[in-house]
Amino acid sequence: MRSRLIGREDVAQALNTSVEELEKVLAHLRQLGFPEPVSEDGAHWAVSDLLDWIVTRQEQLVSFVSHLSLHIDQ
């Protein structure tokens, strides 16, 4: 199966930002496990890689919120 790719412009749009702002924060996103581009020009990501990253982050955030909720005074 061929992996579908998404370009830098579409990733920026999905994050509700500009390509310039995306470029500024990419290093920080990569520190959080954001996937590396798969194209030779570095401008395209595999949609499946991005979805995997989102699901992983979502699971971590749900766990984090669950843990924090244990510490809320009732």
Side-chain angles (χ1 to χ4, degrees):
M1 183 170 104
R2 200 171 124 220
S3 180
R4 293 196 181 259
L5 301 181
I6 185 170
R8 186 170 289 158
E9 296 82 11
D10 289 319
V11 171
Q13 184 178 10
L15 293 171
N16 198 29
T17 193
S18 66
V19 172
E20 294 79 19
E21 287 299 313
L22 174 63
E23 291 298 324
K24 290 179 185 177
V25 299
L26 266 178
H28 299 292
L29 287 172
R30 286 191 181 112
Q31 289 176 345
L32 297 172
F34 194 80
E36 294 290 332
V38 295
S39 63
E40 289 184 24
D41 64 0
H44 295 85
W45 287 263
V47 171
S48 59
D49 290 348
L50 293 172
L51 290 172
D52 287 345
W53 180 77
I54 291 167
V55 168
T56 300
R57 296 292 84 68
Q58 182 179 22
E59 290 169 351
Q60 290 173 340
L61 291 171
V62 167
S63 177
F64 183 56
V65 169
S66 295
H67 182 75
L68 289 177
S69 71
L70 299 174
H71 299 280
I72 296 174
D73 291 331
Q74 303 224 5

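Shown are Asp49, Val47, Val38; of these, the side chain to side chain contact (heavy atoms under 4.5 Å, CB included) with Leu5 is made only by Val38.
If you take CD on Gln31 and CG on Leu26, they are separated by 11.5 Å, rounding to the nearest 0.5 Å.
Judged by distance alone, with hydrogens and angles left aside, the side-chain atoms of Trp53 form no donor-acceptor pair with the main-chain N or O of Ser48 at under 3.5 Å.
Applying the side chain to side chain donor-acceptor pair (under 3.5 Å) test to residues at least two apart or on different chains, the pairs with a partner in residues 33-44 are Arg30-Glu36, Ser39-Asp41. Sequence neighbours left out, the pairs with a member in residues 54-66 that pass side chain to side chain donor-acceptor pair (under 3.5 Å) are Arg57-Gln60.
Contact of the Leu22 side chain with the Leu29 side chain is registered, since non-hydrogen atoms from C-beta on lie closer than 4.5 Å. Within the 4.5 Å cutoff, side-chain heavy atoms of Phe34 are placed close to those of Val11.
Note: the hydrophobic cluster containing Leu15 does not contain Val19 (ILVMFWY, side chain heavy atoms under 4.5 Å, direct or indirect links).
Contact detail for Pro37 and Gly42: the closest heavy-atom pair is CG-O, 3.4 Å.
In this structure, Gln13 places its CD atom where only 12 or fewer heavy-atom neighbours from other residues, nucleotides or ligands lie under 6.0 Å away.
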